[in-house]
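The basis for the numbers below is simple: all heavy atoms, side chains too, and nothing from hydrogens, waters or symmetry mates. Here is the naming used below: chain letters follow the sequence lines, and residue numbers restart at 1 for every chain.
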Amino acid sequence: MTVSGALLGIAALLVLTLALGLTLRGLQRRTRREAPADAVGPELVGADALGERATILQFSTDFCTRCAAVHDELGDLANAHDGVRHLDVDLTHRPDLARRFQVLQTPTTLILDQDGVITTRFGGIPGRAVVEFELERVLGSADA
Amino acid sequence: MPERGPGPAADRPSRRGRCIDDRSLRLQSGVTAALALAAVWFAATGLGTARAPRSAGWSAVQPLTGAWFVPGAAPEWQLATASVAARALDPAFLLMAAIAALALWNACSPATNPLHVLFARWLAPRLSPARAVHGRGSIRFAACLALGIGVLGMLLQLAGVPWALLIAAALVFAAALLKAAFGICLGCELSLLLTRAGLRGGADGVRSRR
């Protein structure tokens, strides 16, 4: 291959990789409000009970690099609010839940209201302020 | 309100000591990406993709197909006629061997990897505590992927297959750059898909705060 051909090929490789990276990163950080659907029971995720007013349901895997930090952050948030419980499910052992909730990345975090209905879904690493805002929205509607 | 959940209690704080800081692996991925890019360059401009200079005055026949090979019309791959030693001494091959060695080291003992030791000794004390960590399992998974691709490329090069090493180096480069520049761990994403397909995993587990 000529030098100019090699340079062109390397430039194309670089552009493709960067485009893939930007696309994947764009897909990873998503906050989405869910349409009300079936309620999630505590037994489905292997817990004895959900939070009285709301539940932060986190999905992790053993290969996930940021799940531990997100686990601590969400735990602090749950501590700061009465009646809110934080559950962290390791999907490595529960592939059925990964399929049921269509988890394509970890961490994925759901906020459930008092009845266990999913209200919000966070893909990737959720910002603390966004989670707090959504949590308080759910708590506010629970009190109303 | 903090409540203790059923099942195994949170085991992360105890596990964290044996984990590797994400930034160390991003640094290592950056080094791997640089080596892989150099390998792509040498493969693209060197033996891996070069065709023999055209020489007139001879031709060859492929007995099985009866096809005639005329040098002027379609020059043959240099790699096909090079000796095994020449294939192995190709700079692209040597760079790939270095990448494979680092990957093998991470697959066996990530804590003693020279690049990680460098990070732990010189950089980590100057940085904030780790926010993201890799467990042994994810490091081994990623290292084995890189090792598999690298070794396959090297074996094909030794067998005289043109372009194989270049493609392997390009794949390693793309994965390493994604990790270094974006923090995207392709192996981790892949492992979740494998879990969903039921190819990984085991007994049930749920963790609750404290």
Considering only heavy atoms, which portion of [X] lies under 4.5 Å from any heavy atom of chain B: side chain, backbone, both, or neither?
X	result
A:Leu104	both
A:Leu7	both
A:Leu16	neither

Closest non-hydrogen atom pair, B:Trp41 against A:Ala6: CZ3-CB, 3.8 Å

Choice from A:Leu22, A:Leu97, A:Val70 maximising heavy atom contacts with chain B below 4.5 Å: A:Leu22

For residues 176-185 of chain B, which side-chain donor-acceptor pairs fall under 3.5 Å, sequence neighbours excluded?
| from | atom 1 | to | atom 2 | distance (Å) |
| --- | --- | --- | --- | --- |
| B:Lys179 | NZ | B:Asp22 | OD1 | 2.6 |
| B:Lys179 | NZ | B:His134 | NE2 | 3.1 |

Approximate separation, where rounding is to 0.5 Å, of A:Phe59 CZ and B:Leu192 CG: 11.0 Å

Distance, nearest 0.5 Å, that separates OG1 of A:Thr65 from CG of B:Leu25: 9.5 Å

Side chain / backbone / both / neither for B:Ile139 at chain A, heavy atoms under 4.5 Å: neither

Audit row: B:Leu186, A:Leu24, side chain to side chain contact (heavy atoms under 4.5 Å, CB included) steps and yes/no: CA-CA 10 Å; B:Leu186 277 185; A:Leu24 284 175; 4.3 Å; yes

Qualifying ring pair (Phe, Tyr, Trp, His ring centres under 6.0 Å) pairs with a residue from residues 85-129 of chain B, counting only residues at least two apart or across chains: none

